[in-house]
Number of protein chains: 2
Amino acid sequence: MAAQRGEGDGVVTSPEAPADVRERARAIPEAAVARLAVYLRVLSGMVEQGVTTISSEELAGAAGVNSAKLRKDLSYIGSYGTRGVGYDVEVLVSHIERILGLTRKHSVAVVGIGNLGHALANYGGFPSRGFPVAALFDIDPDLTGVPVGGIPVNHIDDITSVCSEREVSIGVIATPPQAAQAVCDRLVSAGVQCILNFAPVVLQVPDYVEVRKVDLAVEMQILSFHVARRADEAANDVVNGIGVDGVVIRP
Amino acid sequence: MAAQRGEGDGVVTSPEAPADVRERARAIPEAAVARLAVYLRVLSGMVEQGVTTISSEELAGAAGVNSAKLRKDLSYIGSYGTRGVGYDVEVLVSHIERILGLTRKHSVAVVGIGNLGHALANYGGFPSRGFPVAALFDIDPDLTGVPVGGIPVNHIDDITSVCSEREVSIGVIATPPQAAQAVCDRLVSAGVQCILNFAPVVLQVPDYVEVRKVDLAVEMQILSFHVARRADEAANDVVNGIGVDGVVIRP
DNA sequence: TCAACTTTGTGCAAGCGTTCACAAGCGGTA
DNA sequence: TACCGCTTGTGAACGCTTGCACAAAGTTGA
Ligand SMILES: NC(=O)c1ccc[n+]([C@@H]2O[C@H](COP(=O)([O-])OP(=O)(O)OC[C@H]3O[C@@H](n4cnc5c(N)ncnc54)[C@H](O)[C@@H]3O)[C@@H](O)[C@H]2O)c1
Ligand SMILES: NC(=O)c1ccc[n+]([C@@H]2O[C@H](COP(=O)([O-])OP(=O)(O)OC[C@H]3O[C@@H](n4cnc5c(N)ncnc54)[C@H](O)[C@@H]3O)[C@@H](O)[C@H]2O)c1
């Protein structure tokens with residue numbers, strides 16, 4: 001059993017494997033993958049605006065990162081830029097999509113059709129980005145059969161058959177925290193290897209399952225920490241003779 | 001203008017400041033702060049179960065991290081453990097809460113009361129953790145005055161006055177992406193310095209504003225990347241003489 | 001009181017990720 | 001063709017994070 005985001009991924013590089021896309025894909029740092037997804041979104045917007053070429057500087061600005069970092073990130077997927085000119089937007093889009101595995105559709109199942117589950121099921125942003133919502137599950141019999149966002153809710157007990165039928169590759173957990181681990185176990189036994197978890201619990205999963213969590217309370221608390229730090233710094237500065245406006249009042 | 005998560009925070013350490021909590025708070029790495037929030041949640045659960053003492057090993061297991069990392073994280077906030085015994089759960093809870101600034105209430109405003117905004121406004125997990133939802137805003141006049149989760153929705157034009165009246169310290173953006181930057185600007189001019197953004201756009205904010213984003217499409221794409229990587233590895237292993245079950249079929 | 005045992009707190013080294021800086025390469029121009 | 005200016009791609013340095021390993025410090029039991 002490994003916990004959230006398997007750290008010991010033991011990247012065993014086969015000795016004489018060709019230095020192609022496959023090999024390259026393993027080497028991309030997780031942080032870079034997350035940024036590639038952001039670049040992709042920015043680039044998609046560019047395509048719609050009719051932009052055909054973009055420099056690393058421009059794209060970095062739009063994505064809110066350092067241009068060197070952006071170029072390094074792009075270099076992980078290959079050399080598709082033209083020196084002196086920049087990147088062809090469409091070429092870049094297609095290469096990022098390939099690396100992120102977006103050439104294939106990934107069916108999503110949402111478990112727990114409450115407040116959040118409804119919002120997710122109704123959200124148009126998933127299908128439009130290649131993540132069709134293929135199944136919804138809840139334990140509440142009153143919900144079974146009720147269509148949400150165009151898809152009828154199934155009972156949680158049917159999760160195994162429905163998931164394999166509809167080739168679900170990503171499971172989203174939006175149940176109360178108490179039920180999350182059990183739901184997770186059922187998803188895993190149904191063959192789902194990627195899980196997005198909204199419940200505020202640490203899921204225990206086998207090594208081969210990839211879990212990502214969205215924890216709003218944690219996000220809030222990080223923001224709270226920064227508020228507190230800022231307040232403390234201000235207090236500190238005042239006792240050290242620096243006014244809140246940054247002017248040294250007691251030099 | 002700095003983009004998302006101000007990198008150049010220019011930590012100017014005042015020379016002879018006392019090595020107390022204030023100084024210590026600055027030194028805590030962001031990654032550790034996020035984990036402290038997780039430890040806090042696990043510990044809160046422990047308190048409810050009547051657990052009074054816990055070892056780093058146990059807590060690390062429950063939080064899904066390495067025990068050495070956990071001890072290092074806790075050491076950032078001070079030495080509150082007892083060697084040979086472990087940590088007093090309640091003591092730890094109160095110290096983490098103090099460091100995260102949770103001794104103070106942080107009022108939250110949600111902007112954009114659509115699918116997601118409704119779910120957030122109705123979510124009980126925020127108030128119960130010290131983040132009361134104090135205001136809701138939307139541009140839709142039909143929504144103005146309608147109570148959601150017990151709080152009447154205000155019109156976006158009243159954002160400045162309402163936010164300062166109710167001392168909002170955290171703004172949550174749940175509007176369509178096109179409106180997000182404008183909403184963000186209004187929150188910032190209303191004095192909100194911490195923003196949680198659900199819209200899939202990169203917000204531009206002044207240096208002193210802290211932005212955290214929750215980007216579900218990016219999370220999905222990271223999972224997609226792992227699916228693709230796994231598939232590629234399998235294909236690679238097969239061509240390299242390793243069957244899908246991990247057995248070397250051509251040694 | 002003392003020895004055996006347990007668990008914390010942390011110095012240190014290894015590993016990643018980020019940033020800098022610049023050679024290499026390309027298009028445009030004379 | 002040769003030169004110039006611009007932008008990419010990347011080696012190398014730097015700094016942050018992680019994980020190991022162990023001394024320090026406490027408890028327990030005799
Ligand atoms: N609502 C939010 O904005 C929000 C924000 C952050 C986190 N969360 C988290 O997301 C999760 C869901 O939140 P919510 O507000 O939608 O809760 P909710 O109570 O509105 O909905 C939960 C749904 O899960 C179903 N359910 C319960 N047990 C189940 C099981 N074993 N199998 C399948 N379905 C089951 C319930 O019938 C219900 O429909 C919670 O863990 C919550 O902490 C929600
Ligand atoms: N629904 C989801 O599950 C989900 C998931 C991921 C991301 N998101 C993102 O969250 C955001 C909201 O999603 P949603 O599904 O709730 O959308 P929605 O269309 O249901 O709701 C958007 C709300 O924002 C309001 N609004 C529009 N412009 C505004 C403005 N200038 N000021 C104030 N309010 C304004 C609208 O009146 C509407 O009520 C979007 O950016 C979406 O991409 C949503």
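All of these numbers come straight from a predicted model, not from anything done at the bench. Throughout, protein chains are lettered first and strands after them, A, B, ... in sequence-line order, and every chain is numbered starting at 1.
Taking atom CZ on Arg35(A) and atom C1' on dT19(C), their separation rounds to 12 Å, with Å as the unit. The distance from atom CD of Glu58(A) to atom P of dC6(D) is 14 Å, rounded to the nearest whole Å. For the pair Tyr80(A) OH and dT10(D) P, the computed distance is 11 Å after rounding to whole Å. Regarding Tyr76(A), its OH atom lies at a distance of 12 Å from the P atom of dC16(C), rounded to whole Å. Protein atom CD of Glu57(B) is 13 Å distant from nucleotide atom C1' of dC20(D), rounded to whole Å. Between the CG atom of Leu74(A) and the P atom of dT8(D) there is a distance of 9 Å, rounded to whole Å. Atom CG in Leu70(A) sits roughly 12 Å away from atom C1' in dT7(D) (whole-Å rounding). One can place CD of Glu30(A) at 17 Å from P of dT17(D), the figure rounded to the nearest angstrom.
A donor-acceptor contact shorter than 3.5 Å links the side chain of Ser44(B) to the backbone of Leu40(B). Counting only distance, with no hydrogens or angles, the side chain of Arg41(B) and the backbone of Val218(A) share no donor-acceptor pair below 3.5 Å. Looking only at distances, no side-chain donor or acceptor of His95(A) sits under 3.5 Å from a matching main-chain atom of Leu74(A). The backbone N or O of Leu100(A) lies less than 3.5 Å from a partner atom in the side chain of Ser224(B), making a donor-acceptor pair.
The nearest heavy atom of DNA chain C to Ala68(B) and to Arg71(A) marks one nucleotide each, and the one closer to the 5' end goes with Ala68(B).
For Ser56(A), the side-chain atoms get nearest to dT8(D) when compared with the rest of dT8(D), dT8(C), dT10(C).
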Would you tabulate the nitrogen or oxygen pairs shorter than 3.5 Å linking the protein to nucleotides 23-27 of chain D?
unit_1: dA24(D); atom_1: N3; unit_2: Arg83(B); atom_2: NH1; d: 2.7

Could I get a table of every N or O pair under 3.5 Å where one atom is in the protein and the other is in nucleotides 11-15 of chain D?
unit_1: dG11(D); atom_1: O6; unit_2: Lys72(A); atom_2: NZ; d: 3.3
unit_1: dA12(D); atom_1: N6; unit_2: Lys72(A); atom_2: NZ; d: 3.2

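Atom NZ of Lys69(A) sits about 14.0 Å away from atom OG of Ser56(A), to the nearest 0.5 Å.
You'll find the side chain of Val201(B) stays beyond 4.5 Å of the side chain of Gln181(B), heavy atoms only. In this structure, Val205(A) and Asp185(A) have side chains that are not in contact, with every pair of non-hydrogen atoms separated by 4.5 Å or more.
The side chain of Asn66(B) contributes an N or O atom lying less than 4.0 Å from OP1 or OP2 of dC20(D). Tyr87(A) has no side-chain polar atom (N or O) that falls below the 4.0 Å cut-off from OP1 or OP2 of dC26(C).
Take Arg186(A) and apply the salt bridge (charged side-chain N to carboxylate O under 4.0 Å, His left out) test, not counting sequence neighbours, and it matches Asp157(A).
A donor-acceptor contact closer than 3.5 angstrom links the side chains of His226(B) and Glu30(A).
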